[in-house]
Structures are given as C-alpha cells and as structure tokens.
Amino acid sequence: MMKPYEYRFEKVLTYREQEKTETEVEFKKAVESFETIATELYEVLKRKEDVIGEHQEKMKTGFSINEIHHYARFIDSLDKRIEDLQQSVLKARSKMNWFEERLLEKTIEVKKFEKMKEKDKEHYRTEMEQAEASLLDELSTLKFHRRETGW
C-alpha cells in the first residue's frame with residue numbers, strides 16, 4: 001500500500017511563502033508611498049514654474065512692492081516645501097528599494113524550497129514505482145510458484 005506523499009519541509013515552505021507575501025504587501029505600500037510623494041513633488045515644482053511664469057508676465061506691466069514681497073514669500077514657501085518633499089522622496093525611494101531587495105531574497109528562498117520539493121517528490125515517485133514493480137515481480141513469482149507446485 002502506497003503511503004501518501006509528504007514533504008518534510010512543508011511547514012518551512014509555508015512559512016517562507018507567508019513571509020514573501022507579507023514582504024510583497026509592504027513593498028506595494030512603499031511603492032504607493034513613493035509615487036504619492038513624488039507626484040506631490042512634481043505638482044509643487046510645476047506650481048513654482050507656473051508662478052515664476054506669471055511673475056515674469058506681471059514684470060512687463062509692473063506691480064507693487066507689496067505684490068513683490070508677497071511673491072517672494074510665496075516662492076520661499078514653495079522652495080521650502082520642495083526641499084522637504086525632495087528629502088521625503090529620497091527616504092521613500094530608499095524604503096521602496098529596501099523592500100524590493102527583501103522581496104527578491106524571499107522569492108529566491110521560496111523558489112529553493114519549491115525546487116527541493118519537486119526533486120523530493122520526483123524521488124518519492126521513483127521509489128514508489130520501484131516498490132510497486134518489486135511487489136508485482138514478487139506476486140508474479142508467487143503465482144508462478146503456485147502453478148509449478150500445484151498449490
């Protein structure tokens with residue numbers, strides 16, 4: 001009677017797959033966070049570009065000292081926001097890259113265990129086929145022996 005196949009590292013494989021799945025989730029969150037911050041940075045840079053364009057147009061017609069001060073303060077605040085966002089983008093990119101590396105490691109680990117499982121299962125199948133062939137040989141020998149001895 002053939003016993004059902006059982007992989008001796010099944011629990012380890014399951015654990016590694018779970019780790020990989022959790023890392024995938026964290027990586028996706030890190031990518032989304034990076035994209036959100038990078039998009040905000042792009043929008044603030046675009047806004048600054050637009051404001052500078054508006055300012056250059058107004059320079060042609062002239063505007064008050066108050067408007068000039070207001071414009072300068074606004075550009076300063078945009079520059080500060082851009083600087084903060086650039087730092088956030090760097091941190092978010094670094095975090096995203098870190099999770100990407102962990103995900104690659106986890107994927108490789110899972111593949112190793114899956115490959116070992118495949119080889120183990122193939123070895124098991126071969127052993128079972130040999131055992132079955134041996135049993136059939138034994139049965140046919142017994143059958144032949146019975147016929148010969150009249151048993």
Next item on the list: For Y42, look at atom OH and say whether over 12 heavy atoms of other residues, nucleotides or ligands are found less than 6.0 Å away.
Entry: no
Notebook entry, point to check: Within a reach of under 6.0 Å around OH of Y15, are more than 12 heavy atoms found that belong to other residues, nucleotides or ligands?
Noted result: no
Report yes if the side chains of [X] and [Y] come closer than 4.5 Å at any heavy-atom pair, otherwise no.
X    : Y    : answer
R93  : V89  : yes
R102 : F27  : no
V110 : K106 : no
E132 : M128 : no
E109 : K20  : no
Q87  : D84  : no

Is a side-chain N or O of [X] found less than 3.5 angstrom from the main chain of [Y], in a donor-acceptor match?
X    : Y    : answer
S140 : L136 : yes
E101 : W98  : no
S94  : L90  : no

Next item on the list: Kindly determine whether R125 and E129 satisfy salt bridge (charged side-chain N to carboxylate O under 4.0 Å, His left out), including the steps that lead there.
Entry: CA-CA 6 Å; R125 193 184 59 74; E129 285 173 359; 2.2 Å; yes
Applying a strict under-4.5 Å side-chain criterion to I, L, V, M, F, W and Y, I'd like to know whether [X] and [Y] cluster together.
X    : Y    : value
M59  : L78  : no
L103 : F113 : no
L13  : L104 : no
I68  : F74  : no

Check: Ion pair present between K29 and E26, side-chain N to carboxylate O less than 4.0 angstrom?
Finding: yes
Next item on the list: Give the ring-plane orientation class for Y7 versus Y5, where under 30° counts as parallel, over 60° as perpendicular and anything between as tilted.
Entry: parallel
Notebook entry, point to check: Which is it for K80 and D76 under the side-chain contact (heavy atoms from CB on, under 4.5 Å) test, yes or no, and what are the steps along the way?
Noted result: CA-CA 6 Å; K80 177 72 177 115; D76 283 346; over 6 Å; no
Which donor-acceptor pairs under 3.5 Å do side chains of residues 48-56 form with protein atoms, sequence neighbours excluded?
| unit_1 | atom_1 | unit_2 | atom_2 | d |
| --- | --- | --- | --- | --- |
| K48 | NZ | D79 | OD1 | 2.6 |
| D50 | OD1 | K46 | NZ | 3.2 |

Note to self: Applying salt bridge (charged side-chain N to carboxylate O under 4.0 Å, His left out) to E19 and R16, what does each step give before you reach the verdict?
What the structure shows: CA-CA 5 Å; E19 277 185 328; R16 297 285 189 214; 3.3 Å; yes
Next item on the list: Report the C-alpha distance between N97 and E100 in whole Å, list the side-chain angles of each, state the deciding distance to 0.1 Å, and finish with yes or no for side-chain contact (heavy atoms from CB on, under 4.5 Å).
Entry: CA-CA 5 Å; N97 291 341; E100 187 175 30; 3.9 Å; yes
Checklist line | For K115, the option from K112, K117, E118, K111 that meets side chain to side chain contact (heavy atoms under 4.5 Å, CB included) | finding: E118
Next item on the list: First locate atom OG of S64, then atom NZ of K58, and finally report the distance between them rounded to the nearest 0.5 Å.
Entry: 8.5 Å
